[in-house]
Structure formats: structure tokens, C-alpha cells
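Here is the structure we will look at, set down as C-alpha cells.
Just so we're on the same page: letters track the sequence lines, and every chain starts at 1.
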Amino acid sequence: MENIIIYVSLAALLVCGVLAVMLRSIIKDAICLAAASAALAIIMYTLGAPWAALFEVSVCAGLITVIFISGISLSHDTKAEVRREYDDKRRMGVLPVVLVVAGIVMIGAGAAIHFEMPVAQRLVQDFREVFWNSRQADIWGQIIVMLTGGTAISVLIKEEKKKS
Amino acid sequence: MNMLNLTVHAMLALPLVVLAANNLLAKQTARKIALYVCAAVAFFQIASSVTLFVMYTRYGITHYDFNIFDPGQVSADYFSVNRLDLFLMVCIGIVVFVSVMLALETIKDHKRSYVNLLMCLLLGMNGMVMATDLFSLYVFLEIVGITSFVMIAMFRSKVGLEGSFKYLVVSSLGIVLLLSGLALIFMQTGTLDFKAIGESLLDTQDSSRRALTYSAVVLMISGFAVKAGAVPFHSWLPDAHQSADTAVSVLLSGIVIKIAGIYGLIVVLDLFGSLEAVRIIYQVIGLVSTITGAVLAARQHHFKRIAAYSSVSQMGYIILALSSGTTLGVVGAAAHIFSHAIFKSTLFSNAAAIHEEVGVLDVTKLGGLEKKMPITAFSSVIAFLSTAGVPPFCGFWSKLLIVIALWKSGDTVWAGAALAASIFTAVYFLRLQRKVFFGKLADGMQDVREAKNSIGFIEAALTAVTVGAGLLFPFALQYLQTAGII
Amino acid sequence: MNAVFELLSTGHNLLLFTVGLPVIFAFAVWAAGKKDILRTAVTAVAGIVNLIFGCALYFAKAEIADTVKMTGFGLDIDILTDEFSALFIFLTAAAFSVIGIYCSAWLNSKKYAGLFMFYLFISLAMINGAFMCDSLGAMLFFWEGLLCTLFGMLLINNRENYKSAVKALTLSGIADLLMMLGIIITAYIGGSSNMSGLSGLEVKGAGIAGFACLMLGALGKSGCMPFHSWIPEAAGSAPAAFMAAFPGALEKLLGIYLGVRVMTQIYSVESGSAASIAVMTLGAVTLVCAVAMALIQKDMKKLLSYHAVSQVGYMVLGLGSALPVGIAGALFHMLNNVIYKSALFMIAGFMEKKLGTTDLRSFSGLFKKMPVTAVCFTVCGFSIAGVPGFNGFFSKELIFDAALESHCKLNYLFYALALVGAFMTAVSFLKMGRGAFSGKEQLPEKVKTADEKGLLLKLPIIVMSALCVVFGIFNSVAVDGWFACATGAEEKLGGWPHSALLVIISVCVLLLALADHIYGCKKTGKPINAADHIHYAPVLKQIYSAAEKGRFDPYNWINGIAQGFSFVCVKIEQGVSFVYDRAIPGIVKKTGDMLHRSDNGSLSRYLAGVLLGVAVAAVILLSKVL
């Protein structure tokens, strides 16, 4: 059962990712990204990382999509489409083929060398304890990342406001 | 001693204070003093790092482990700073200082934004060198990456956005490679702590696990090499440098590619250096970068692109130094990081001066500026001599260390190749000098005046540092010998 | 005196006071510049201070041996002032204190006064440094420092006509290079780079090269042939004060110092051995050729400079004999030369200042107007000619003695050549002295009157002339007292010469010279042309005219060789520049173009590049691991 869920989610992840790149409408691309994140969250939950799944869904599928859509609406007119010069159907058409072929090659290679995936140890501690006691550097890093991200966005948007 | 150690904590926290102050103070006040406060922070970083280095050497301390939130907790090692890190922090401080000096003249409108981003960048770099865990390293690497993207794109010129975008995409590929490598390691050990991973991963008999480790090594090296701008991962460098404002280019070329890229490569060398393949990869990448960067630089027309390819070439040198695998090699690499930071900063200061006074950075349109801008020309010549490895400037000593390190570790051919590649360095730099500063005065340059205050000041200061560091280098080497490092 | 010695007795202090202090004085005197009185005062003070140090070093009769560390690079300077080098420091100091005052006074109201004295003081510092170094490398450093000051002094006031400065620099530079080569070979053979560590090396194999290079280099510095030709040329263009100081005094001290060290200490040379004969030949040739050239000169300074070269020939002759009497003679002759040659140059400078020229044809009969000068000139002339009773006589006798006693088969030839030299010396001085001071009074045009005012100019001359007499009387103080440390002689060499026969022969030569002079005067009418019959004698005429054209000047030979060499170099250059200018840049450019085309700004190419890099890394790793 678990395996089926993982394989389906992986397929969904792949499809949504490819769609996100290939679709012409930017808003649709953002939504596909959100769907891909959701698929990833399912995989994480199934692999035994519930907190990771929680963060993934809330931040990536939720917060990021909101930011994307507000950014798109601020910068584009109603049609919100990828500009013509960036839309190269021929190249885009190659992408799914490449991905599938690469996947087959990797699986084949893994089977050929009798690849056994080592299983990562499940964390038995509460994630809060883990976070505070063994990943303090990351906490600091995350705080600064968020500040940085906020700063970066505000710098870029400030220019927009100044211009308009 | 404990008081001094607090300065290390400060270096991870002080920029945040400045960031907060910059945004909370009134706009006018902030605009006026923000850059000076940044300069003060950079200076503080230089001073405290140097002091700590000397103190550590005196008392025989090799490293100091600490924790941000409960300072003094005994077994905390979330951050760790050893003497190499302190030296790198000195370089960071110097380049940030130079960037601020340039920004005083070149950035007119977006001072507060620049300061915000600069402080975040500083934090990111400090965090990177002090991290003890591969994942923390990655987090701080991301900070560095984000801030650099935005700093390049900050002024919203078309070419700026394009350069930033290309940097973003290529860098993302690099990060993906790096994360894949980290993931492969994490799969085996469940931890990414520096102490826990390393060659011990290779002790296993299971060939598939060994294969995983090897793949992880290759991926990590590639990821960091993208950030460092080594060939063939370098393509983003010229576009990013050219489109950014000079104050930002200084940061990129002077310190970001080194901390984000070279430091990562040092970490990989530390962890997996006993693998001969790692050293060979470094050698190949290093030599190819040196030559390719130099050859390409000789064909460019834009001042900053020449400087960017020059950075590629010099990164090649540093990676070659690392490939020797010995402590002397790392010392040589660190010395070259320092020398390169200084002369790249000088070069970009000259670019800023020329851009401010003349407005054009295309070398085919420039000429004979030596008569009008003597200080700039002089500092440029000194920087060139240092790059080319002419004694007694500091570039000579760092190159000498690299060649000696390669020689001593038995790679005499590579040592010879490194020496020969210096000629290429001289080629493109000479071309730059000749076209820009010497020769006939180009049309329309009659009213050009010397570089303005802070740019002129920083050029002179950097020249003094080049000469001084070169003259004092033997003493520094003696000091390092007594400190037991080499 | 002892207190001063104590002060000086560490290496650091010695260096500081004998080298550093003159440097400081150099800057002081440069700053004093055109303020004549101040400058002269500073010079006097510096001379006296230096003299005190020199006396302290020598008369304490103790050695200072020390090592001064220089910045911890392993460049240590070993200092050793044994009796011999202390003696030379003392003699230099004494000479400098007199000549220095003269120079400063001579430079009154010349605008390069400060700069000239600056160079002079730096030269003193260098010479002091050279004397006290034991390590040959450091001595070389000080020795070569003199090249700079030499060049500087010759260039003063002479910017357009820098050829003589370049010539001096080239010839002195070559001599120094030879000396450096000699030092390297000697240090290699002897296994030590300190003079005290080298002793008694054999002149065999590499030793021949080392000995030859060292001697040539050392003696070349003092003006021995073939490094002599810059001195007469400098006489034309340099200030007379320079001539008094350098070729007159300082360079001789330096060159003979090293020459004696090489002959007696570093290498063991037997009298009559090939090395000894070679050196004696060099001395004899110099002696004769230089004085022959001096004979025909009409300009006082040039004449004196050729004489200076010739006298060096005497010293080399004595040195080469490798006998105690010869060494003592050489050293005493050096001392005498310092005294009377500098006095003669000072007189020439004095006359130049008063009359505006030193061309002997333009003035005569100045005895009435410049009596003191004339008397001093006479004293010095007698000394240099070797008139019995004056100091030159005693040193020449010692050298004649050495030439005869040396154990080689040609000793009579050397003696004969020395006598010929003495003859011609006497002739030329008679010519000069009588031409300048006796006869009808005639002043150069544009000069209304001549006088003898100028105490500070006259006083050094008088002092030096007096010393001629003093050392004539007290010659054994010098020969047996001072120079015994070098000669190692058991018997007393001073005092009246042992062999009466030699004295008689010398006196006969002098009388012959007088007769020749009178003959010449009668023939041509003027004393100044008294040597013309020698000049225009059948064979000698051609030789002289060739010499005047510079055919015998080694500098011109060097120039000729250099031109041929440069032609070959141009051809090689053209070939090499083809490789460098066309071939290699062509390859680089093509490579660059190729790479440039592949780096075209397309993002997908960039990404492909990254993947390519990953692939390469993977391949390398796999090749090493499998």
C-alpha cells in the first residue's frame, strides 16, 4: 500500500513539474508547482517525516503559491502569459522524453549494480527537541534566511513602486 | 579570552543589529550614516579576527566551539571557528570594507537597500565559515546566494536582470548537485556533522555504499565548483559581474566566489582529501580554469568582463593549490585568497573610478588615462604586478607558496604548469593596462579628472596593503612557522 | 681613547658609528647645501669625529670581532677589525678629515656643493664599512656602493656630457664584477665566505682564476691597468675636489687594502712564482705606460691623473714581489701617495679656482703671486720623484729593493722598468713645476690677477706637504710600526736604505732627468714643452698618437666587442620575436576565439557546461577508484 502511494505521488510530482515548466500561462504554472509540492509532502509523510511534510505543504504549497500569485498579479496584465520569445515548443517537447529516459537509465543502473537503498534512521525524538538541541545553527540560519528573503523581496519591489 | 571570544558571536549577530537599525531609523538619517556604519562593522571584523588569530596562536588554541543561544555551554559546537576561518573572516572584512568605500561614490539612490543586503551577505559568509555541519553550511550558502542575486539585479537594468537570472539558474543547478550529494551522504550516516562523516564512510566493504559516497563527493565538488566559478562551471561569472554595479562586483569577485565556492572545496578536501581522485579532480579543474580564464580574458572588451575571467583564472590557481593536499597547500590557497581579494578589489576600484569619471568601460574606447588619473593608473600597475607574481608584492609570495606546495607534494609537473600559466595572467592584464591607461589619450577624455574621494582613498590604501603585505610576508611566514602551522 | 673603543666594540655600535654616522652627516651636509660656512663646519666636525673613531680603533690595539644580524634572514655581517683594517680605517679617517675640508672649501658658491659632499660622506661610510667587514659578501656590498657615489659625483654638473660618468661606472663596474667572481671562486675553494676563514690558499687550478679575478678587481678599483682609463677622462670633466678625494686618496686605500689581504693572507704566493710574476708585470706595465702618457699631457689635472695610475703601478710592483720588503714598500708608497697625490690634486684644484683653467700652456711664472703653493708643489714634486730625504724616496727604494730581490729571473727587467718610470716621473714633474711656476709671468686671458687667498684651501695642502717631510724623516714609524702587521717582517725595513748602490742609481736617474729637462728646454724654449722631444721621437710618435686616439684604451675595445655582440643579438632577437610575437599569440588567439564562440551567453550552454564538468569529475573518480 505504502509503495503504491509513493509511486503514484512520484508520478504526480514528475507530471506536475513538467507541466509547470511547459505551460504557457504563468498562473497555471504556479498552481502546478503547488500541486507538485503537495505530492512531495505526501511522499515525505509516507516515508516517515510528518513534520517535514507539514512544513512542505504549508510553506511551499501554501505560502509560496500565495506570494507567486500576488507577484504575478502585480507585474503582469490580465493575460499573464509567458512571453513569446521564451516559449519554444520544440525544446519543451523534448523535456518529458528526456526525463523519462533518464529515469529508466538510472533505475537500470541501480539494478545493475545491485543497488540497495539504505534506510535512514527514523527520528524518535520530538522534532522540537531536535531542532533546539542539535540544530541550533540551522535555527539561526533559518532566521537569517527569512530576513534575507524578506529584504530581497522588499528591495526588488521597492524599485517597482518607485518606478510606478 | 572569553571577552574576545564574544566578538566571534558578535560577528554572527552584529550585522543583524545594523540591519534593524537601518530599517528602523528615519530615512534621512539612515541614508547618511548607513554606509559608514557598514564600514565600521567591516573594520571591526578585520580587527577582531586578527586579534583572535594572534591570541589563539599565542595560547595554542586551535579552535573555539560555540553556540549562539547559550554561550558558554560546554559541549556546544554548533559553530566552530579555527584559525583558517579567522583568516577568511579577515578577507571578508577587507572586501566588504572596499565595497562600502566604492558604494559611497557609485551608489546614489539605493543606499539603504544596499546596506540591508550587504549585512545579510556578511552574515551569510560569516556563518558559512563557522558552520560545523554540512546542512548549516548549505543554509548559509543559500543566504549568500539569495543576497548576491538580488544585489546584482538591484538596479533593475535589463542587463542586470539578465545577469542575475543566469546566475540564479546556473547556481540553482549547482545547489541541486550539492544537495544531492548531501542527501547521498545523509542516507548512509543519518548525520551531516563534519566530525561524523569523512573517510570513515569509505571503510565499508559494501560496494554500493562506497559508490554512493563517491557519487556524493563528485556531486558536492561540482556544486561548490559552480559557486566558485571554476571551468567548466564558470559561465555565469562574466555575465553576473558585468551587469552588477561595481560595488557589488567587488563583493562577488573578491569574496563571495571564494567563501561560497572555495571554502566549500576546502571542506570537501578536509573530509575526503585522502581520496587521490579528489586531488586529481582539483588539479584538472584548477589548471583548466587557470588557462581558460586567462585565454578568454585576453579577448574581452569590457573592463569588468576581463576582471571576471581573471577571477576564473585565479580561482583555478587556488584550486590547484588545494590539490596538493597538504597544509602548506591550504596556506598557499588562503594566501592567494588574500592576495586575489586585494588585487581584485584594486582592479574593481579602478573600474569604479573610470566608470564614475568617464562613464565608459569598454577598453577599446579608453586610452591614455594615465595622464588624467595618475593614482588610478599607479594602483592598477601595482595590482598588475602583484597578479603577475612580481616580487616584492604579495601576489608573488602567494604564488610562490602554491608552487612550493605543489612541488613538495610531488606534483612537480603541475607546479611547472602553474608557473607557466602565470604568463597568461600577465598577457591579459598587460593588455588591459596598455589599452586603458597607457598610450594615446582617447577622444573625449580631455576633461577627465582623478577619482573622487573614497575611491581614490581605497585605491591608495589597497596599493599600500599590496606592497606592505608583500614586504611583510616573510615575517608572516616565520610567524606561521613558529605557530606550527607550516 | 679607551672609552671610545669600548663604545665601538660591539658589532652593532661599530656599524652604527663608522657607517651610520657618516650617512647622517651626509644628509646634514646636503641640507647645509650652499651655506658655505655651515657646510664646511659640518664637514670638519664629521672629519674629526670619524678621526677619533679611527684613532680609537687603531690605537687600542685590540680586535673587534662580532656578528651583526640583519633581519634574521641568515644575512649576517661578520665584522672583524684586526690591526690591519683598523689601521686603514684610521688612515682613511685622517685623509678624509683633511681632504674633506678642502673639498668643502673648494665647493664654495658652487650650486652642487651640498650634493657633492653628500656623495663624499656616503663614500666614506661605504669605505669604512668595507674595511670592517669580515664576510666577503658584505664587503662586496659596501665596495659596490662606491660605484653609485662615483657615478653620482661624476654626473654632477655634467648631465649632458655623461659619457665620462658612464665610462667610470662601466670600468669600475667590470672591476667589481671580476672581484665578485673572484670572491665566489675563493669562497668555494676555501670553504668560507669570511676573510678570516680563508688563508693560505694555493694558486692552482681554480685558485688561479680566483686569485686573478680578486687581484684584478681590487687593483682595478685603485686605477691599475686595464681599468684606468676613466681617471684621465674624469679629470677633464669632474670637479677637482673629486679628483683629490677619489683617485687621489680613497680608492687607493681600498684597493691596496684588499690587494695586500689577498697576497698575504688569503692566498699564499711565493716570490718568484707565476702569480707573483704576473702581478709584478701588471705593475710594471702600468707604471711605464701611464707615466709615458703623463709625459705628453698639457693639462695639469690630466697629467696628475696619469701619474696617479702610474704610482699605483709602483704599488702593484711592490705587492707582486711577495716579499716583506715589497709589501712594506707598497703600503708605504700607498700612504705617501695619499699624502702627496691628494696634495697635488688639491693644488691643481686651487689653481683652477684661481685661474679658471689648468691648461699648462695658458699660464706660467706664478711663483711670485703664489709662493706658498709653489713651495708645496715643489715639496710634493720632490716626494713623488723620489728625491732623497722625502717620503717618496724611501718607499721607492723599498720597492726597487723588492723588485731586485724577488726570486724571479726577470728581476733586473722589473728594476729597469721601475727606473725608467722614475725617470719619466721626474721629467714630467720638472716640466710641470717649472712650466707653472718659474719663468716669465703669464696669466690666462680673462684672468686679471692671481692670488693665494683662501685659508681653508691652502691649509690642507700645507698639512699634506708637511706630512711629506714628516714621513720622510719618521719613515720607520710607518714602515716598521704601522705596516709591520701586514708584512710580518723581522728585520727593520725603515730608515735609510741598506744598499747604497741602489740609492746612487736612483740619484743618477734623477740627475739624468734634470739633464734631459734642460736639454728639452733649450730645444723648445719653454719648460712646458721640455718633454716634446720624447713625444715626437720616431717610434714613440706613432705610439703616442695611437694612444691619444684611444687605440689602447680597453674601454674602446669593450665598446667594439659590444657592438659586434649586439649585432648578433639583434639577429637572434628577430628570430625570437617571431616566435613570441606571431607564433604563440596566434595560437593563443585562435584558442581564445574557439572558446569564445562556445561561450555565447546562452543559458542552456551554461547548464550543459556544468553537466559536462560533473561528467568529467565522475570519469576521473571512476578511473581512480575502479
| field | Flag if over 12 foreign heavy atoms under 6.0 Å of CZ, B/Phe165 | value |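 No, CZ of B/Phe165 has 12 or fewer neighbouring heavy atoms, counting only those of other groups under 6.0 Å.
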| request: Answer yes or no: are there more than 12 heavy-atom neighbours, outside C/Tyr188 itself, under 6.0 Å from its atom OH? | output: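 Counting neighbours around OH of C/Tyr188, 12 or fewer heavy atoms of other residues, nucleotides or ligands fall under 6.0 Å, so no.
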Which atoms of [X] come close to chain C, meaning under 4.5 Å heavy atom to heavy atom: side chain ones, backbone ones, both, or neither?
X: B/Val284; value: side chain
X: B/Ile285; value: neither
X: B/Val169; value: both

Donor-acceptor pairs under 3.5 angstrom involving side-chain atoms of residues 613-621 of chain C: please list them, not counting sequence neighbours.
none

| task | Enter the distance from C/Leu611:CG to B/Phe233:CZ here, rounded to the nearest 0.5 Å. | result |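 Here the rounded value is 9.0 Å.
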| query | To the nearest 0.5 Å, how far apart are OH in B/Tyr214 and CG in C/Leu622? | reply |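 It is 10.0 Å, given to the nearest 0.5 Å.
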| Candidate list B/Val170, B/Leu173, B/Val226, test side chain to side chain contact (heavy atoms under 4.5 Å, CB included), partner C/Tyr606, passing option |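 Option passing the side chain to side chain contact (heavy atoms under 4.5 Å, CB included) with C/Tyr606: B/Val170.
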